[in-house]
Protein chains: 2
Amino acid sequence: MTDGVVERSRPRDRILETAQDMFHRHGIKGVGVDAITEAAGTNKMTLYRHFESKDELIIECLRATAAKASKIWDAFEAQHPGDKLAQLHAWVHKASEMLNADCRGCDMANAAVELSEADHPARRVIKELKEAQREKLVALCRDAGIGQAELLADTLSLLLEGARVSMQSVGAEGPSAQFVRMAESLIASFRAR
Amino acid sequence: MTDGVVERSRPRDRILETAQDMFHRHGIKGVGVDAITEAAGTNKMTLYRHFESKDELIIECLRATAAKASKIWDAFEAQHPGDKLAQLHAWVHKASEMLNADCRGCDMANAAVELSEADHPARRVIKELKEAQREKLVALCRDAGIGQAELLADTLSLLLEGARVSMQSVGAEGPSAQFVRMAESLIASFRAR
DNA sequence: CTAGGGTGTTACCGGTCTGTAACTTCCGCA
DNA sequence: TGCGGAAGTTACAGACCGGTAACACCCTAG
């Protein structure tokens, strides 16, 4: 009963939405296409009329989640127009919000872990999307007037990535509990240079 | 031909060694017990005479890799007896060494990502082993004379965890390339307080 | 030499997986 | 009203999965 996304919309959209949710919660290899279509209130044939394979569906899901993340960035700009430093702090705050108890981590990073085949079609998509996100964070740091923008952005990236994976192995009371403090003091020390 | 660990030793040891290697490279759900036993030069029946289930084998593999990691810590003490700060720098150096191009990340973290079921028997083992490793790093920082030992240890943990997962999504030229610089300057700044 | 335990072999069970074929039903639009 | 395309249904193919049963083998300890 937890996997029911059966509101009426076009089957393709329902499948995509449901697949994102189920891949996120149960992992890619932990969910079959049958389970997705059932939870989406449709059937396997319809899925394969819209997506040529499960791999293609995976890729579309990753693109969709990246698009959602992109909207969050737009919200930062809307909330603090022109104030890049405030947007950076908003990024930290938003990131820490996502580190709640039942956090299942970053879909792209999780997919990279699960899809270990070096030539899996999703891998290049993951790399592209992650590189785009990195560019965004670097630009934000640079525009916030920080000197070593790349280094700060990369450090913040690793901290967040680490916090998300640490949550899954030791839980919310582990090292990830200190994420905000780490990130904020990092930003402060970079600004002081 | 890449998965052959067929040197003569007792079947149980061969299975454990082979399983560790294959779980690490292909992921837990990406490897079947048949493939493990074949690569170990034995058969499925023998596996199930020594391990009561695949889950139990997974757990034994995690314990074995943790034991190997523990030996690396012993080496730090052997190389720099009593000099805890030197051991901390050795930890950073060793960690960065493991971030080579075809790094597949931390087995325990990867397992936590793959085994999404909250009540999977391996999860509590992962948590225990990770907490033990955390305690070790905290103690090392504390004995190295650093004030906020827990915070430094947790920050270094997240950086390393993040570097290992970042490697798998964007490769070795991504943010993880700066791991040593980040870790060293972190240690320096904590020592200066 | 012999007994017995560890090991290898083969076959099998029931289930799940991705993906497809053939057919029916439904719904919107002209 | 009737037509056409989208969606649903059922069944299936072929492969793989974890796990077990029954039996033959071999090697070593006594």
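Chain identifiers are assigned alphabetically (A, B, ...) following the order of the sequence lines, protein sequences preceding nucleic acid strands; residue numbering begins at 1 within each chain.
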Taking only residues two or more places apart in sequence or in another chain, which ones pass salt bridge (Lys or Arg N to Asp or Glu O under 4.0 Å) with A:D34?
A:K44
What's the NZ-C1' distance between B:K29 and D:dC16, to the nearest Å?
15 Å
Specify the separation, in whole Å, of atom CE of B:M45 and atom C1' of D:dG19.
9 Å
Return the value, rounded to whole Å, for the distance between atom CG of B:N43 and atom P of D:dC23.
17 Å
B:V170 side chain near A:I126 side chain, heavy-atom distance below 4.5 Å
no
Report all interatomic pairs (protein N or O, nucleotide N or O of nucleotides 14-19 of chain C) with separations under 3.5 Å.
{"residue": "C:dT18", "atom": "OP1", "partner": "A:K54", "partner atom": "NZ", "Å": "2.8"}
{"residue": "C:dT18", "atom": "OP2", "partner": "A:V33", "partner atom": "N", "Å": "2.9"}
{"residue": "C:dG19", "atom": "OP2", "partner": "A:Y48", "partner atom": "OH", "Å": "2.8"}
{"residue": "C:dG19", "atom": "OP2", "partner": "A:K54", "partner atom": "N", "Å": "2.8"}
{"residue": "C:dG19", "atom": "N7", "partner": "A:K44", "partner atom": "NZ", "Å": "3.1"}
{"residue": "C:dG19", "atom": "O6", "partner": "A:K44", "partner atom": "NZ", "Å": "2.3"}

Hey, does the side chain of B:H50 come within less than 4.0 Å of C:dG6's phosphate (OP1/OP2), counting only N and O?
no
Can you check the A:L47 CG to D:dA6 C1' distance for me, whole Å?
15 Å
Separation of atom CD in B:E38 from atom C1' in C:dT7, rounded to whole Å:
17 Å
Rounding to an integer number of Å, can you tell me how far B:I58 CD1 sits from D:dG18 C1'?
11 Å
Contacts of B:E77 that satisfy salt bridge (Lys or Arg N to Asp or Glu O under 4.0 Å) - sequence neighbours left out
B:K84
Distance-only donor-acceptor test (3.5 Å): side chain A:R49, base D:dG5:
no
Short side-chain N/O contact from A:T46 to OP1 or OP2 of D:dA7, under 4.0 Å
no
Is the closest basic N to carboxylate O distance between B:K94 and B:E97 below 4.0 Å?
yes
Are A:E17 and A:K68 close enough for a salt bridge, meaning some N to O gap below 4.0 Å?
yes
Do B:N43 and B:T46 have a side chain donor and acceptor closer than 3.5 Å?
yes
